[in-house]
Amino acid sequence: MTKFRPLHDRVLVRRVTAEEKSAGGIIIPDTAKEKPQEGEVVAVGSGARNEQGQVVALEVKAGDRILFGKWSGTEVKLDGEELLIMKESDIMGIVEGNAASAKAA
């Protein structure tokens with residue numbers, strides 16, 4: 001796999017796969033699916049600089065499951081895989097624990 005390291009406060013994200021069926025068991029065709037707004041952080045930049053010129057580390061790290069806005073990020077294709085590059089400020093939060101239990105709540 002190609003090594004890619006985001007710069008500054010940017011984050012490389014892999015979308016989680018969308019559910020193929022609805023809660024009622026209806027299979028959802030690709031054309032009707034919305035792109036998921038949940039993903040896994042693949043790589044992070046070193047951080048943004050504050051007004052004093054110091055690098056402030058990012059709060060997210062590789063492996064974190066995150067939620068982001070519907071129109072967040074720029075889609076890129078690396079080694080045949082579709083990924084997103086976004087600023088940390090586009091991330092709404094980190095999903096703690098099991099993602100499946102969070103959806104059930």
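Treat the numbers as computed from the prediction; the structure is a model and nothing was measured.
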Self-check item: In one Ile/Leu/Val/Met/Phe/Trp/Tyr side-chain cluster, 4.5 Å: Met92, Val11
Solution: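 Different clusters: Met92 never reaches Val11 through Ile, Leu, Val, Met, Phe, Trp or Tyr contacts under 4.5 Å.
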Practice problem: Look at the side-chain heavy atoms of Ile, Leu, Val, Met, Phe, Trp and Tyr, link any pair under 4.5 Å apart, and say whether Val42 and Val76 land in one connected group. | Solution: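 Yes; Val76 is reachable from Val42 via cluster members.
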Quiz prompt | Distance (rounded to the nearest 0.5 Å) between Ile94 CD1 and Glu59 CD | solution =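 The CD1 atom of Ile94 sits 6.5 Å away from the CD atom of Glu59.
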Quiz item: Distance from Arg10 atom CZ to Ser46 atom OG, nearest 0.5 Å?
Solution: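 Here the rounded value is 11.0 Å.
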Quiz item: Is a side-chain donor or acceptor of Asp79 paired with a backbone partner of Glu81 at a separation under 3.5 angstrom?
Solution: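 No; judged by distance alone, with no hydrogens or angles, the pair does not exist.
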Practice problem: Check whether any side-chain N or O of Glu75 sits under 3.5 Å from a backbone N or O of Glu82 as a donor-acceptor pair, and report yes or no. | Solution: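 Absent.
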Quiz item: Would you say Phe4 and Leu83 make side-chain contact, with heavy atoms under 4.5 Å?
Solution: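 Counting from C-beta outward, Phe4 and Leu83 never come under 4.5 Å.
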Quiz item: Heavy-atom distance under 4.5 Å between the side chains of Leu67 and Gln37, does that happen here?
Solution: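 When only atoms from C-beta onward are counted, Gln37 and Leu67 do not touch, as no gap falls below 4.5 Å.
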If you take all heavy atoms of [X] and [Y], which pair is closest and at what distance?
X: Pro6; Y: Leu12; answer: CG-N, 3.9 Å
X: Phe68; Y: Glu38; answer: CE2-C, 3.7 Å
X: Arg49; Y: Val55; answer: NH1-CG2, 3.4 Å
X: Val16; Y: Arg65; answer: CG1-NH2, 2.9 Å
X: Val13; Y: Met86; answer: CG2-CE, 4.2 Å
X: Asp9; Y: Ala48; answer: CB-CB, 3.9 Å

Quiz item: Are the charged groups of Lys87 and Asp90 less than 4.0 angstrom apart, N to O?
Solution: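 No, Lys87 and Asp90 are not salt-bridged.
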Quiz prompt | Within 6.0 angstrom of Glu51 CD, more than 12 heavy atoms from elsewhere | solution =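 Counting neighbours around CD of Glu51, 12 or fewer heavy atoms of other residues, nucleotides or ligands fall under 6.0 Å, so no.
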